[in-house]
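So the structure is just underneath, and the comments pick up after that.
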Amino acid sequence: MALIGHRHTWNEDTIRYIGGAGYGHANIDVYKRFEGDGFPGLIDPYAGTLGIGTESEGFLMKQRVSFRIPNSDLFWGCRKPIRASVLPSILSHWISMIAT
(Lines give C-alpha, C1' and ligand atoms only; values in the text may rest on other atoms or scores of the structure.)
Protein backbone atom coordinates (compact mmCIF):
# COMPACT_ATOMS: atom_id res chain seq x y z
CA MET A 1 0.00 0.00 0.00
CA ALA A 2 1.25 3.46 -0.84
CA LEU A 3 -0.26 6.91 -0.22
CA ILE A 4 0.87 10.41 -1.07
CA GLY A 5 -0.84 13.78 -0.62
CA HIS A 6 -0.35 17.53 -0.87
CA ARG A 7 -2.20 20.60 0.45
CA HIS A 8 -1.39 24.21 -0.39
CA THR A 9 -2.96 27.69 -0.21
CA TRP A 10 -2.15 30.84 -2.20
CA ASN A 11 -2.97 34.56 -2.02
CA GLU A 12 -3.62 34.66 1.72
CA ASP A 13 -5.99 31.65 1.64
CA THR A 14 -8.06 32.81 -1.35
CA ILE A 15 -7.07 29.72 -3.39
CA ARG A 16 -6.90 26.24 -1.86
CA TYR A 17 -5.62 23.02 -3.42
CA ILE A 18 -5.61 19.51 -2.03
CA GLY A 19 -4.63 16.37 -3.89
CA GLY A 20 -3.54 12.85 -3.27
CA ALA A 21 -3.10 9.40 -4.72
CA GLY A 22 -3.01 5.91 -3.33
CA TYR A 23 -2.51 2.32 -4.42
CA GLY A 24 -3.32 -0.89 -2.58
CA HIS A 25 -3.04 -4.63 -3.20
CA ALA A 26 -4.41 -7.44 -1.01
CA ASN A 27 -4.50 -11.25 -1.24
CA ILE A 28 -7.04 -13.05 0.93
CA ASP A 29 -7.54 -16.82 1.06
CA VAL A 30 -10.48 -18.36 2.93
CA TYR A 31 -10.67 -22.08 3.70
CA LYS A 32 -13.51 -24.13 5.11
CA ARG A 33 -13.21 -27.74 6.25
CA PHE A 34 -16.33 -29.87 5.97
CA GLU A 35 -17.29 -33.47 6.64
CA GLY A 36 -20.42 -35.56 6.69
CA ASP A 37 -21.66 -38.93 7.78
CA GLY A 38 -23.16 -39.76 4.40
CA PHE A 39 -26.27 -41.89 4.01
CA PRO A 40 -26.02 -45.66 4.61
CA GLY A 41 -26.17 -47.55 1.33
CA LEU A 42 -26.21 -44.42 -0.88
CA ILE A 43 -23.52 -41.91 0.10
CA ASP A 44 -20.25 -42.80 1.77
CA PRO A 45 -18.92 -40.63 4.61
CA TYR A 46 -16.98 -37.70 3.20
CA ALA A 47 -14.58 -34.95 4.24
CA GLY A 48 -12.84 -32.20 2.36
CA THR A 49 -11.70 -28.61 2.18
CA LEU A 50 -13.16 -25.74 0.19
CA GLY A 51 -10.81 -22.84 -0.53
CA ILE A 52 -11.58 -19.53 -2.15
CA GLY A 53 -8.81 -17.12 -3.04
CA THR A 54 -9.43 -13.44 -3.73
CA GLU A 55 -7.08 -10.75 -4.89
CA SER A 56 -7.93 -7.04 -4.77
CA GLU A 57 -6.06 -4.19 -6.36
CA GLY A 58 -7.02 -0.53 -6.48
CA PHE A 59 -5.85 2.97 -7.34
CA LEU A 60 -7.34 6.31 -6.29
CA MET A 61 -6.37 9.84 -7.24
CA LYS A 62 -8.28 12.89 -6.03
CA GLN A 63 -7.77 16.60 -6.61
CA ARG A 64 -9.75 19.60 -5.41
CA VAL A 65 -9.25 23.32 -6.02
CA SER A 66 -11.36 26.03 -4.36
CA PHE A 67 -11.55 29.79 -4.74
CA ARG A 68 -12.80 32.09 -1.97
CA ILE A 69 -15.79 34.25 -2.87
CA PRO A 70 -14.67 37.84 -2.16
CA ASN A 71 -15.64 39.29 1.25
CA SER A 72 -17.04 35.99 2.55
CA ASP A 73 -16.09 32.69 4.15
CA LEU A 74 -17.54 30.73 1.22
CA PHE A 75 -15.53 28.85 -1.39
CA TRP A 76 -16.38 27.81 -4.93
CA GLY A 77 -14.45 25.06 -6.65
CA CYS A 78 -14.29 21.72 -8.37
CA ARG A 79 -12.91 18.27 -7.68
CA LYS A 80 -11.85 15.32 -9.78
CA PRO A 81 -11.69 11.79 -8.33
CA ILE A 82 -10.23 8.97 -10.43
CA ARG A 83 -10.76 5.40 -9.24
CA ALA A 84 -9.83 2.03 -10.65
CA SER A 85 -10.16 -1.34 -8.95
CA VAL A 86 -9.87 -5.00 -9.83
CA LEU A 87 -11.47 -7.75 -7.76
CA PRO A 88 -11.19 -11.18 -9.40
CA SER A 89 -12.34 -14.18 -7.40
CA ILE A 90 -10.49 -17.42 -7.94
CA LEU A 91 -12.08 -20.67 -6.81
CA SER A 92 -8.88 -22.41 -5.80
CA HIS A 93 -8.66 -25.87 -4.34
CA TRP A 94 -12.30 -26.47 -5.32
CA ILE A 95 -13.22 -29.55 -3.33
CA SER A 96 -10.74 -32.20 -2.39
CA MET A 97 -13.15 -34.95 -1.47
CA ILE A 98 -11.54 -37.70 0.54
CA ALA A 99 -13.67 -40.70 1.33
CA THR A 100 -13.24 -41.85 4.86
Sorted by first residue and then second, give each salt bridge (charged side-chain N to carboxylate O under 4.0 Å, His left out) pair with at least one member in residues 1-28; sequence neighbours left out. D13-R16, D13-R68
Pairs in or reaching into residues 76-86: which pass salt bridge (charged side-chain N to carboxylate O under 4.0 Å, His left out), with residues at least two apart or in two chains? none
Measure the CZ-CH2 distance between F67 and W76 for me, rounded to the nearest 0.5 Å. 7.0 Å
L3 CG to L60 CG distance, which is reported to the nearest 0.5 Å: 9.0 Å
Going hydrophobic residue to hydrophobic residue with side-chain gaps under 4.5 angstrom, can you get from F34 over to I43? yes
Under the rule for side-chain contact (heavy atoms from CB on, under 4.5 Å), what residues qualify as partners of L74, not counting sequence neighbours? I69, S72
L42: partners by side-chain contact (heavy atoms from CB on, under 4.5 Å), with sequence neighbours left out: F39
Shortest non-hydrogen contact from G48 toward R33: O-NH1, 3.4 Å
Exercise: identify the closest heavy-atom pair between T14 and F75: O-CE2, 4.1 Å
Taking only residues two or more places apart in sequence or in another chain, which ones pass side-chain hydrogen bond (donor to acceptor under 3.5 Å, both in side chains) with Q63? Y17
Partners passing ring-ring contact (aromatic ring centres under 6.0 Å, His included) against H8 (at least two apart in sequence or in another chain): H6, W10
What residues form a salt bridge (charged side-chain N to carboxylate O under 4.0 Å, His left out) with D37, not counting sequence neighbours? none
In chain order, what residues pass the salt bridge (charged side-chain N to carboxylate O under 4.0 Å, His left out) check against R64, with sequence neighbours excluded? none
So do the side chains of I15 and S66 get within less than 4.5 Å of each other, counting heavy atoms only? no
The remaining residues in the hydrophobic cluster of I28, counting side-chain heavy-atom contacts under 4.5 Å among Ile, Leu, Val, Met, Phe, Trp and Tyr, are V30
Taking everything shown except I82 itself, do over 12 heavy atoms lie less than 6.0 Å from its CD1? yes
